[in-house]
Amino acid sequence: MTLSSLRLKKHADRRLKVGHLWLYSNEIDIDATPLKALEPGQQVVVEAANGKALGVAYVNPNSLICARLVSREPKQGLDRSLLVHRLNQALALRERLFAAPYYRLVHGEGDLLPGLVIDRFGDTLVVQLNTAGMQAVLPELLDALDKVLAPTTVVLRNDTSGRRQEGLELGVEVVKGAVSEPVLLEENGVQFTAPVLDGQKTGWFYDHRVNRAWLNQFVAGKRVLDLFSYVGGWGVQAAASGASEVLCVDSSAAALERVAENAALNGLHERVSVGEGDAFEALAALKADGEEFDVVILDPPAFIKKRKDMANGERAYGKLNRDAIRLLGRDGLLLSASCSMHLAPERLMDVVRGAVRHQDRHGQVIFQGHQGPDHPVHPAIPETSYLKALGVRVFRD
């Protein structure tokens, strides 16, 4: 197959040379290679300003990130062969890291497959195609998955905001096998069910696995509050690790039904209770009722989705942490997390520091967590590092 060319402006190849995979529309020499002449998802040979071929990318002329590099070999496009190779590379890492087949199998650019996310639940794979380029190779991808893993079930969770930005249709589809809920998984020795068809993202958040394992060491005999609990990833694990009482709060009744099911699945239903409602309102109500906890877990959704959200988002993180600290006893433990890529780790530290002092307490950061190793960070793409978590001892004199 002969591919069209995409010519870069002078010096616009610098970022590619240091390892990055993205190209922006203002870096393209549109006089030599008009972007609008290309179709979304089309593969092209990327050329430096002097005509030297740099690799193969797929394009979307309607997106600010107009091209994503998939190969540095100009003769190797994104086809079944390359997909099999990349999937085998990704699988080799996960099998080195984990004994059981429950993990993120593909983490987009971190696994050199930009626009593709795959979470594995044993023989069930949940796939997100977030770009037109990945959507274009769906048949080849399904063939490659059969070659590498032969899954019994494949679910396409094509309902992400990224697809909307790429101009792609939204929807959820089972393209292989059948989903007979619940889909089981195991994390840190605890069993869960994941709503892969209608839950958040792929149905589960593997990225906090290591952070949960850290917290599990310190909850025995403690009273724990899990805010934004979703299906109980933090709270049920805390109960399994010996917490005397766990309250899971979420705004979704369906998610809280899953919390109860997951607690019962592990024989923990007597120690796990749920409360439906807005997290900020729940914090105020608990304080008004004189409630007090030994451990509070804050794992909210992204308050900062775009740079323009920074000021409002930081204020929301600040209020959340201040209100949570008010519920901690004299010597408590706060787990404060953020999945907002735009919030730098040092800013989360500032937010927590400010919240601790606002309540006239002392804080000691005893843990700084990140996304798990099945969410590898591409060293040239800061955007692939998004998750942070702080374990903070909060105490009074």
Side-chain angles (χ1 to χ4, degrees), residues 98 100-105 117-128 153 155 157 159-160 172 174 179-216 219 224-241 243 245-279 282 295-302 320 335 337-339 369 371-372 374-375 387 389:
F98 306 112
Y102 308 109
Y103 41 68
R104 174 148 294 182
L105 175 65
V117 169
I118 303 177
D119 278 354
R120 185 179 185 187
F121 304 89
D123 291 329
T124 296
L125 301 179
V126 182
V127 179
Q128 292 180 322
T153 305
V155 178
R157 283 297 303 264
D159 53 354
T160 65
V172 178
V174 181
V179 176
S180 55
E181 298 273 23
V183 173
L184 294 170
L185 70 119
E186 181 180 307
E187 183 179 290
N188 296 327
V190 184
Q191 289 188 316
F192 291 91
T193 60
V196 300
L197 293 180
D198 56 6
Q200 295 180 27
K201 305 293 185 179
T202 64
W204 183 256
F205 295 91
Y206 284 121
D207 50 4
H208 268 305
R209 180 199 318 251
V210 176
N211 302 326
R212 292 181 184 126
W214 175 81
L215 184 66
N216 292 344
V219 297
V224 177
L225 173 62
D226 179 12
L227 284 169
F228 307 97
S229 68
Y230 186 41
V231 298
W234 291 94
V236 174
Q237 285 192 42
S241 298
E245 182 183 347
V246 177
L247 173 60
C248 292
V249 175
D250 199 274
S251 60
S252 167
L256 293 176
E257 288 178 9
R258 291 283 183 178
V259 171
E261 292 172 7
N262 286 326
L265 183 63
N266 293 277
L268 302 166
H269 54 282
E270 293 183 353
R271 280 190 276 151
V272 178
S273 59
V274 301
E276 181 182 351
D278 173 83
V295 179
V296 176
I297 300 159
L298 304 178
D299 185 17
L320 180 66
L335 191 293
S338 169
C339 62
Q371 63 214 57
D374 52 344
H375 294 62
L387 192 71

Here the gap from F205 atom CZ to L387 atom CG, rounded to the nearest 0.5 Å, amounts to 10.5 Å
Could you pull out the closest heavy-atom pair between P300 and C339, with the gap in Å?
-> O-SG, 3.9 Å
Interatomic distance, CZ@F228 vs CG@D278, rounded to 0.5 Å, equals 7.0 Å
On a heavy-atom basis, the closest approach of A238 and V219 is O-CG2, 3.5 Å
What side-chain hydrogen bond (donor to acceptor under 3.5 Å, both in side chains) pairs are there with at least one residue in residues 248-258, not counting sequence neighbours?
-> T193-R258
Would you say V174 and T153 make side-chain contact, with heavy atoms under 4.5 Å?
-> yes
Any side-chain heavy atom of L335 sitting closer than 4.5 Å to one from V295?
-> no
Residue pair A243 / V224: nearest heavy atoms and the distance that separates them | CB-CG2, 3.9 Å
Calculate, to the nearest 0.5 Å, the distance between atoms CG and CZ belonging to L197 and R157 respectively.
-> 7.5 Å
Closest heavy-atom contact between V259 and S229?
-> CG2-OG, 4.0 Å
Give, for atom CG of L184 and atom CG of N262, the distance between the pair rounded to the nearest 0.5 Å.
-> 9.0 Å
Could you give the distance from CG (N216) to CD (Q237), rounded to the nearest 0.5 Å?
-> 5.0 Å
Please tell me if the side chains of V117 and R104 come closer than 4.5 Å, counting only heavy atoms from C-beta onward.
-> yes
Does anything in residues 200-209 pair up under side-chain hydrogen bond (donor to acceptor under 3.5 Å, both in side chains), and if so which pairs, sequence neighbours excluded?
-> D119-T202, E187-W204, D207-Y386, H208-N211, H208-D299, R209-D374
Closest non-hydrogen contact found for V272 with A239 is CG2-CB, 3.6 Å
Separation of F192 CZ from N266 CG (nearest 0.5 Å) = 6.5 Å
Show the numbers, then the answer: is there a side-chain contact (heavy atoms from CB on, under 4.5 Å) between V236 and V246?
-> CA-CA 8 Å; V236 174; V246 177; over 6 Å; no
Under the salt bridge (Lys or Arg N to Asp or Glu O under 4.0 Å) test, residues paired with D198 that sit two or more places apart | none
G203 and Y230: which non-hydrogen atoms are nearest, and at how many Å?
-> O-OH, 3.1 Å
